[in-house]
**Q** 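To start, I am sharing the structure in question, which I have written as structure tokens.
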Amino acid sequence: MPPRVNPTLRQRRVGAELRKMREAAGLSTSTLSRALGIDRTQVSQIEAAKVGVSPERLRSLAAACKCMNEPLIDALESLIQDRSKGWWEDYRGTIPDGFLEVAELEKSADSLMLWVLTHMPGPCQTISYASSMFERSIPPLPRHELEARTAFRMHRKADLRRDQKPMTFFIYESALWTRFGGTEILREQLASLLEDSAQPWMTIRVVPFDIGTFPGAVENLTYASGKVPELDTVEIESSRGPVYMDAINELTSYRSIFARTESMALSESKSRSLIRKIAQSL
């Protein structure tokens, strides 16, 4: 089969984990290829997600690397065997690929934690609020692209709600005051946020202005929990597209950031009271 041109986020993660497995064993690509009886370039292509790997090859590779982490191997096998086409593929070519990858990350996660400073979390945005955010793009988006991005965000929102995936949102108070599209749109958005806070699978907590110190993260973050901790992923929102972190030391650092944020956030009930108070003041 010809090499993949654009491997998906899931395929890239499988390759990255296999590379970590080899490096943890202290093996070079040449040494591993000899143990597997394949060409060295094939090992490199597997790790770069340019070619796929079968469950049998996965287990042979794990055995050659003396990896005894069965839960991780099982989780990787599950990723390999999942060849389903995500709904986001219908949007490929109409919006940036980074948007599609975020949807793929959310879909594959067991649970999600988000920290936002500048705007409402994507899975909570109303259509008017989302459209108003995209209207602020510089340079301005053509009407068809603006509509496509808004429709995509609403599709993401609906898909997560169908799954009722556990989601926790930490929202810095500034996001509750920022008026994308004006006062009426923000008022509608805050009312929607209050409705979301009543969902048993959604946790919404506000980090208020008057905390003793800032929690530490100065960018919008998503922590996506995988089937095993080794497959957790952090996505950092960037003007150039999403940036993904999955090294063990990076995951440990961001777990600490989220733990500190949680310790400073208001309770769910106090968060609802603050959201309601801000909405009434508009």
**Q** Among residues at least two apart in sequence or on other chains, which ones pass side chain to side chain donor-acceptor pair (under 3.5 Å) with R13?
**A**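 By the side chain to side chain donor-acceptor pair (under 3.5 Å) rule, R13 matches E17, T233.
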**Q** For S33 and D39, does a side-chain donor sit closer than 3.5 Å to a side-chain acceptor?
**A** no
**Q** Counting distance only, does the side-chain N/O of S131 pair as donor-acceptor with the main-chain N or O of I127 below 3.5 Å?
**A**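 The answer is no, because no donor-acceptor pair under 3.5 Å joins these two groups.
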**Q** Which atoms form the tightest heavy-atom contact between I46 and G52, and what is the distance?
**A** CG1-O, 4.2 Å
**Q** Is there a side-chain contact between Y172 and W115 (heavy atoms, below 4.5 Å)?
**A**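 Yes. Closest side-chain heavy atoms under 4.5 Å.
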**Q** Under 4.5 Å between any side-chain heavy atoms of R179 and L282, yes or no?
**A**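 Result yes, sub-4.5 Å side-chain heavy-atom pair found.
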**Q** Taking side chain to side chain donor-acceptor pair (under 3.5 Å) as the test, write out the residues that go with E250, two or more places apart.
**A** none
**Q** Verify side chain to side chain contact (heavy atoms under 4.5 Å, CB included) between V116 and F169, making sure each step is shown before the conclusion.
**A** CA-CA 8 Å; V116 293; F169 304 106; over 6 Å; no
**Q** Quick one: pull up CZ in R10 and CD1 in I80 and give me the separation to the nearest 0.5 Å.
**A** 10.5 Å
**Q** With sequence neighbours excluded, give me every side-chain hydrogen bond (donor to acceptor under 3.5 Å, both in side chains) pair touching residues 255-271.
**A**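 Listed by first then second residue: Y223-R255, D232-R255, S267-S269.
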**Q** Looking only at non-hydrogen atoms, find the nearest pair between A130 and M154 and report the distance.
**A**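 Heavy atoms of A130 and M154 come nearest at CB-CE, 3.9 Å.
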**Q** Could you check if a side-chain atom of L193 sits within less than 4.5 angstrom of a side-chain atom of I171, using non-hydrogen atoms only?
**A** yes
**Q** Is the backbone of S174 close enough, under 3.5 Å, to the side chain of T178 for a donor and an acceptor to pair up by distance?
**A** yes
**Q** State, to 0.1 Å, how close S192 and C124 come at their nearest heavy-atom pair, and which atoms those are.
**A**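 Shortest heavy-atom separation between S192 and C124 comes out as OG-O, 4.1 Å.
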**Q** Using a 4.5 Å cut-off on heavy atoms from C-beta on, say whether the side chain of F180 contacts that of S128.
**A** no
**Q** Looking at A48, is its backbone amide N or carbonyl O close enough to the side chain of R12 to form a donor-acceptor pair, meaning the two atoms are under 3.5 Å apart?
**A**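 Looks like no, no N/O pair under 3.5 Å.
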**Q** Hey, is CZ on R136 packed in by over 12 heavy atoms from elsewhere, all under 6.0 Å?
**A**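 Atom CZ in R136 is not crowded, with 12 or fewer foreign heavy atoms closer than 6.0 Å.
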**Q** I'd like to know if the side chain of H119 pairs up with that of Q189 as donor and acceptor (distance under 3.5 Å, no hydrogens or angles considered).
**A** no
**Q** With side chain to side chain contact (heavy atoms under 4.5 Å, CB included) as the criterion, how do K227 and L79 come out once you've worked through the C-alpha distance, each side chain's angles and the decisive distance to 0.1 Å?
**A** CA-CA 10 Å; K227 293 187 181 300; L79 289 177; 6.0 Å; no
**Q** I'd like to know whether CZ of R59 has more than 12 heavy-atom contacts from other residues, nucleotides or ligands below 6.0 angstrom.
**A**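 Atom CZ in R59 is packed in, count exceeds 12.
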**Q** Are L251 and L9 linked, directly or through intermediate hydrophobic residues, by side-chain heavy-atom contacts shorter than 4.5 Å (ILVMFWY only)?
**A** no
**Q** How far does CH2 of W88 sit from CZ of F99, to the nearest 0.5 angstrom?
**A** 16.0 Å
**Q** Hey, are the side chains of L160 and L112 touching, using non-hydrogen atoms and a 4.5 Å cut-off?
**A** yes
**Q** So, for V207 and I211, which heavy atoms are closest and what is the spacing to 0.1 Å?
**A**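 Answer, listing the atom of V207 first, then I211: CG1-CD1, 3.6 Å.
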**Q** Applying a strict under-4.5 Å side-chain criterion to I, L, V, M, F, W and Y, I'd like to know whether I204 and M264 cluster together.
**A**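 Same cluster: I204 reaches M264 through Ile, Leu, Val, Met, Phe, Trp or Tyr contacts under 4.5 Å.
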**Q** Sorted by first residue and then second, give each side-chain hydrogen bond (donor to acceptor under 3.5 Å, both in side chains) pair with at least one member in residues 155-171; sequence neighbours left out.
**A** W87-D159, Y91-H155, E106-R156, K107-D159, K107-D163, D159-R162, R161-D196
**Q** Report the C-alpha separation of F170 and L117 in whole Å, then their side-chain angles, then the decisive distance to 0.1 Å, and conclude whether the side chain to side chain contact (heavy atoms under 4.5 Å, CB included) test is met.
**A** CA-CA 9 Å; F170 296 106; L117 298 90; over 6 Å; no
**Q** Out of curiosity, I278 CD1 to L186 CG, how far, rounded to the nearest 0.5 Å?
**A**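 Rounded to the nearest 0.5 Å, the CD1-CG separation comes out at 8.5 Å.
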**Q** Does K20 have more than 12 heavy atoms from other residues, nucleotides or ligands lying within 6.0 Å of its NZ?
**A** yes
**Q** Any side-chain heavy-atom pair from E104 and T8 closer than 4.5 angstrom?
**A** yes
**Q** Any chain of hydrophobic side-chain contacts (each under 4.5 Å) joining M167 to I257?
**A**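 Yes; tracing contacts between hydrophobic side chains, which count when under 4.5 Å, links both residues.
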**Q** Nearest 0.5 angstrom please: T126 OG1 to I185 CD1, how far?
**A**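 These two atoms lie 7.0 Å from each other.
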**Q** With heavy-atom distances below 4.5 Å as the criterion, would you say the side chains of L190 and M120 are in contact?
**A**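 Yes, side chains in contact.
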**Q** Regarding S28 and T31, is there a side-chain donor-to-acceptor distance under 3.5 Å anywhere?
**A** yes
**Q** Would R92 and E89 pass as an ion pair if we require N to O under 4.0 Å?
**A**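 Salt bridge present between R92 and E89.
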**Q** Quick check: closest heavy atoms across G181 and S132, and the distance to 0.1 Å?
**A** CA-OG, 3.5 Å
**Q** What's the spacing between M133 CE and R149 CZ if we round to 0.5 Å?
**A**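 Nearest 0.5 Å value for the CE-CZ distance: 11.0 Å.
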**Q** Could you tell me which residues satisfy side chain to side chain donor-acceptor pair (under 3.5 Å) with D90, sequence neighbours excluded, listed by chain and number?
**A** none
**Q** Indicate yes or no for a side-chain donor-acceptor contact from R40 to the backbone of T29 under 3.5 Å, with no hydrogens or angles considered.
**A**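 Not at all, since once roles are kept as given, no pair shorter than 3.5 Å links the two residues.
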**Q** Would you say the side chain of W177 lies within less than 4.5 Å of the side chain of F209, judging by non-hydrogen atoms?
**A** yes
**Q** Any donor-acceptor pair under 3.5 Å linking the side chain of R153 with the backbone of Q125?
**A** no
**Q** If you round to the nearest 0.5 Å, how far is CD of E77 from CG of L72?
**A**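 Atom-to-atom, L72:CG and E77:CD are 11.5 Å apart.
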**Q** Checking S238 side chain against R240 main chain: does a donor-acceptor pair fall under 3.5 Å?
**A** yes
**Q** Among residues at least two apart in sequence or on other chains, which ones pass side chain to side chain donor-acceptor pair (under 3.5 Å) with R272?
**A** none
**Q** Could you report the tightest heavy-atom contact between E145 and T94, atom names first, then the distance?
**A** CG-O, 4.1 Å
**Q** For residues L27 and L18: do they belong to one hydrophobic cluster (side chain heavy atoms under 4.5 Å, members Ile, Leu, Val, Met, Phe, Trp, Tyr)?
**A** yes
**Q** Do L114 and M202 belong to the same hydrophobic cluster, where Ile, Leu, Val, Met, Phe, Trp and Tyr are linked whenever their side-chain heavy atoms lie under 4.5 Å apart, directly or via other members?
**A**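 Same cluster.
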**Q** In sequence, state the C-alpha distance, the side-chain angles, and the governing distance for I236 and N220, and then conclude on side chain to side chain contact (heavy atoms under 4.5 Å, CB included).
**A** CA-CA 6 Å; I236 302 174; N220 298 327; over 6 Å; no
